[in-house]
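Residue numbers run from 1 in the order of the sequence given.
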Amino acid sequence: MGTFTRFLYEFLSQFFSGILSILHGLKDGIIKIFDIKSYKNIVDLYKSDFSFPEWILVAIAVLVIIAILTMIILLIYFSIRKYIKFRKQAVEKEALLEELAVLNDKVASLVQEKEKILAMKVSQLGLKPGESNEEDVNNKAKEDVGNQGIRFSKLNDIDEEYKNYKVKEYGNTFTLPELCENFRNFSASKLKLYYTSNMMRLFIAALASTKLVILQGISGTGKTSLAYAWGKFLRHDSCVASVQPSWRDRTELFGYFNEFTKKFNETEVLKEMYIANYTDDIYTVILDEMNIARVEYYFAEMLSILEMPNKDEWIIELVPSTWKSDPKNLMRRKNKSACKYVVYRNNK
């Protein structure tokens with residue numbers, strides 16, 4: 001056992017002595033690099049033999065050494081600074097994640113508390129939580145109609161306006177290249193907007209391939225103007241919805257039912273989608289500056305719906321019950337979306 005102990009000591013000593021030699025050598029090297037006295041002694045040893053041109057070269061050599069030392073010091077400084085900054089960001093990120101976890105726990109507890117309160121209110125009304133009385137709901141809806149009248153005033157006005165409307169047959173015979181050039185010439189002559197033929201072809205090709213088109217670029221390059229000109233060209237003005245940072249749900253796009261006034265706050269986007277039910281024409285909706293708010297907050301439902309292969313499934317639920325005075329093109333409890341094209345604008 002004593003033999004193995006001596007072996008292990010010498011074996012490990014060989015390894016660790018090498019590491020110590022590296023550290024000592026690194027320390028000695030750094031000391032030697034920054035040993036100003038040694039540099040001065042070398043200069044003193046040769047200064048009596050230097051000529052004037054050689055003194056110039058000596059000065060250059062000294063400046064080169066000073067520059068190299070400065071670069072080494074700066075490199076070490078910035079490396080340490082970058083590490084400290086990275087470490088600080090990592091710590092802050094961990095703190096934010098911990099705070100987010102705490103907030104999620106609080107939200108979960110608040111949701112549970114809300115459910116308990118709602119269950120108590122339902123039980124006070126004589127109903128069991130999770131159950132619904134369809135007859136009572138229908139009676140309440142009829143009572144609301146009698147008391148409040150019309151809740152979709154703008155959509156009902158559209159019904160009245162398009163009461164005798166017949167779908168138009170345009171019978172156009174132009175080719176696709178002619179369509180692109182006509183659109184380009186219209187934008188230039190009528191709106192003073194100048195685009196290349198390639199840009200027009202890309203835009204129309206995008207509209208032909210998908211209902212959702214994202215126009216991306218810096219401000220002032222004509223993204224909104226292009227979609228606006230398309231609406232003018234089709235003689236159906238584009239509906240412009242200016243996205244705000246406060247947009248957090250779909251009510252900003254489609255509106256919402258006000259329980260106090262018993263009216264549905266209809267938006268221009270909803271009106272545009274409803275009008276599109278009456279015609280086979282192309283309609284354009286522009287979400288201007290869409291990246292200002294999180295698109296998954298206010299447009300998640302539409303993104304999911306438009307991925308459905310069957311257009312009969314493109315349905316948005318607006319209100320939980322029906323009134324007799326509701327617009328005739330609203331399906332029972334839901335509004336069928338027949339918007340032909342939706343165009344976005346995004347500044348990134």
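Within 6.0 Å of CD in E92 there are more than 12 heavy atoms belonging to other residues, nucleotides or ligands.
Residue F203 holds its CZ atom at 6.0 Å from CG of L215, rounded to the nearest 0.5 Å. The structure places CD of E289 at 6.0 Å from OG of S219, a figure rounded to the nearest 0.5 Å.
Ion pairing between a basic and an acidic side chain is recognised when a charged N comes within 4.0 Å of a carboxylate O; D157 and K154 show no such pairing. For the pair D159 and K163, the salt-bridge criterion is not met [side-chain N within less than 4.0 Å of a carboxylate O].
For F264, the ring pair (Phe, Tyr, Trp, His ring centres under 6.0 Å) partners two or more places apart in sequence, or in a different chain, are F152.
By the 4.5 Å heavy-atom criterion applied to side chains, K232 and F186 are counted as neighbours.
Without hydrogens or angle criteria, K271 side chain to L155 main chain gives no donor-acceptor distance under 3.5 Å. Although no hydrogens or angles enter the test, the distance criterion places a donor-acceptor pair under 3.5 Å between the side chain of R184 and the main chain of Y195. The backbone N or O of A206 lies less than 3.5 Å from no partner atom in the side chain of T210, so there is not a single donor-acceptor pair. Looking at N185, its side chain does come within 3.5 Å of a backbone N or O of E181 through a donor-acceptor pair. A donor-acceptor distance shorter than 3.5 angstrom exists from the side chain of K263 to the backbone of I150, with no hydrogens or angles considered.
At a cut-off of 3.5 Å, with distance as the only test, no side-chain donor of Y256 or D249 sits close to an acceptor on the other residue.
Follow the hydrophobic side-chain contacts under 4.5 Å out from Y77 and you never reach I68; the two are in separate clusters.
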Exercise for the section: Output, in order, the C-alpha distance, side-chain angles, deciding distance and verdict of side chain to side chain contact (heavy atoms under 4.5 Å, CB included) for F50 and S48. Expected result: CA-CA 6 Å; F50 286 151; S48 59; over 6 Å; no
